[in-house]
Amino acid sequence: MKLIIDHADLNIIKGIYEYFPVSGVTTNPTIITRTGKEPYEVLTSIREFIGPEAQLHAQVISTDAEGMIKEAAVMREKVGGNFFVKIPTTKEGLKAMKNLAKDGFQITATAVYSAIQAYLAAEAGAAYVAPYLNRIENLGYNGVQTICDIQDIFENNKMDTKILAASFKNTQQLLELAKYGIAAATVAPDVIENLIKNDSVDCAVNAFVVDFNRTYGDGKTMM
Ligand code: E4P
């Protein structure tokens, strides 16, 4: 399962890239507004940092198909590289996806709350669908099960579309999806940091250092 950062602040993205095995960045309109910067300033600086090969996903604002299609063309041109245009999975969104797919756009169908939306987006030509795990669970449904159902639909119908699971609140949610072989997960930096936080691990590592230094001297290493 590819791990992707769901954020737009370049310094925070750099901090995660330095330590974690991540493969790209996703944003949404709300995340971009939190930077306090102009959208293309944000997206082009992320692109410059992650390089042309890495995935960068950004969302259109228009809610009608024609507007989405026009925005997608401008976004792909301005952001460049391995760009995925995020299109909300509405009726207008499906129309936009069909047209954009014909023109060779890489599409991430977003705002997916149900398996049937995912199926329709895949048929319309989306490369990824992004089900919102935590938000689905907040509505009282089983988010992990919904995503596993989507995976089954894609496999049983021999669809090439992949899942980019989104909206995580904890490590357990991520683990369940990794077990099921979900292609990618986009996760906020605070949740990524928590994936490796474990007092028992720190304790074990510190005990090795204390034992070694007690015998060979303070600050000694294998150098
Ligand atoms: C996905 O496209 C969204 O950007 C995001 O993952 C939603 O996460 P949230 O539910 O934590 O806002």
Side-chain angles (χ1 to χ4, degrees), residues 1-90 92-93 96-97 99-112 121 124-135 161-168 183-193:
M1 184 167 75
K2 276 187 198 305
L3 186 60
I4 297 182
I5 309 174
D6 200 21
H7 214 269
D9 184 301
L10 188 58
N11 287 329
I12 291 176
I13 290 169
K14 283 182 178 172
I16 296 290
Y17 251 80
E18 191 178 352
Y19 290 93
F20 291 90
V22 286
S23 314
V25 174
T26 63
T27 62
N28 66 32
T30 304
I31 287 175
I32 289 182
T33 63
R34 289 191 191 125
T35 64
K37 296 184 176 151
E38 287 300 311
Y40 285 115
E41 183 191 346
V42 172
L43 292 171
T44 54
S45 61
I46 295 172
R47 168 58 74 215
E48 202 179 308
F49 172 68
I50 66 178
E53 309 288 322
Q55 293 186 6
L56 179 50
H57 303 240
Q59 191 167 328
V60 296
I61 307 299
S62 299
T63 52
D64 64 298
E66 279 66 32
M68 291 175 182
I69 292 166
K70 283 184 191 148
E71 274 187 72
V74 175
M75 292 168 83
R76 183 168 71 171
E77 171 71 22
K78 288 195 180 224
V79 179
N82 191 7
F83 177 70
F84 289 76
V85 62
K86 288 174 72 178
I87 305 285
T89 312
T90 56
E92 289 292 318
M97 287 178 210
N99 283 278
L100 290 167
K102 260 190 253 145
D103 288 340
F105 280 80
Q106 300 193 106
I107 299 160
T108 299
T110 197
V112 170
Y128 278 112
V129 296
Y132 288 4
L133 199 171
N134 199 62
R135 296 193 195 190
T161 307
K162 292 185 165 42
I163 296 174
L164 169 61
S167 181
F168 288 90
T186 185
V187 186
D190 58 328
V191 179
I192 294 180
E193 291 284 357

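Numbers here simply count residues along the sequence, with the first being 1. Just so we're clear, the structure is a prediction, and the values are computed from it rather than from any experiment. All heavy atoms count here, side chains included; hydrogens, waters and symmetry mates do not.
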Gap separating the OG1 atom of Thr27 from the NZ atom of Lys86, nearest 0.5 angstrom: 6.0 Å
Rounded distance [0.5 Å steps], CD1 in Ile5 versus CD1 in Ile16: 5.5 Å
Steps toward side chain to side chain contact (heavy atoms under 4.5 Å, CB included) verdict (Val74, Tyr40): CA-CA 10 Å; Val74 175; Tyr40 285 115; 3.7 Å; yes
Minimum heavy-atom distance Ile61-Pro29, with the two atoms named: CD1-CG, 3.5 Å
Spatial distance of atom OG (Ser167) from atom CG (Asn28) [nearest 0.5 Å]: 10.0 Å
Pairwise side-chain contact, Thr90 with Met68, heavy-atom cut-off 4.5 Å (strictly under): yes
Shortest non-hydrogen contact from Ile192 toward Ile4: CD1-O, 4.3 Å
Closest heavy-atom pair and its distance - Thr89, Ala109: OG1-CB, 3.4 Å
Glu41, CD: over 12 other non-hydrogen atoms inside 6.0 angstrom: yes
4.5 Å side-chain heavy-atom contact, Val60 and Met75: yes
Where His7 and Pro189 come nearest, the two heavy atoms and their spacing: CD2-CD, 3.4 Å
Pairwise side-chain contact, Val187 with Asp6, heavy-atom cut-off 4.5 Å (strictly under): no
Non-hydrogen side-chain atoms of His57 and Thr186 separated by less than 4.5 Å: no
Note, Thr110 side chain near Phe84 side chain (heavy atom, < 4.5 Å): no
Test item: Val79 and Arg76 side chains (from C-beta on) under 4.5 Å apart, heavy atoms: no
Closest heavy-atom pair and its distance - Ala166, Ala130: CB-CB, 4.5 Å
Exam field: side chain Asp103 to backbone Phe105, donor-acceptor pair closer than 3.5 Å: no
Side chains of Ile32 and Lys37 in contact at under 4.5 Å (non-hydrogen atoms): no
OG1-CZ distance between Thr108 and Phe83, expressed to the nearest 0.5 angstrom: 8.5 Å
Criterion side chain to side chain contact (heavy atoms under 4.5 Å, CB included) on Ile69 and Leu100, from CA distance to verdict: CA-CA 7 Å; Ile69 292 166; Leu100 290 167; 4.2 Å; yes
Straight-line distance of Asp64 CG to Lys70 NZ, nearest 0.5 Å: 8.0 Å
Flag side-chain contact, heavy atom, 4.5 Å: Gln55 against Lys2: yes
Gap separating the NZ atom of Lys14 from the CD1 atom of Ile50, nearest 0.5 angstrom: 12.5 Å
Under 3.5 Å donor-acceptor, Arg47 side chain and Ala54 backbone: yes
Minimum-distance pair of heavy atoms, taken over all atoms of Ala8 and Ile46: O-CD1, 3.7 Å
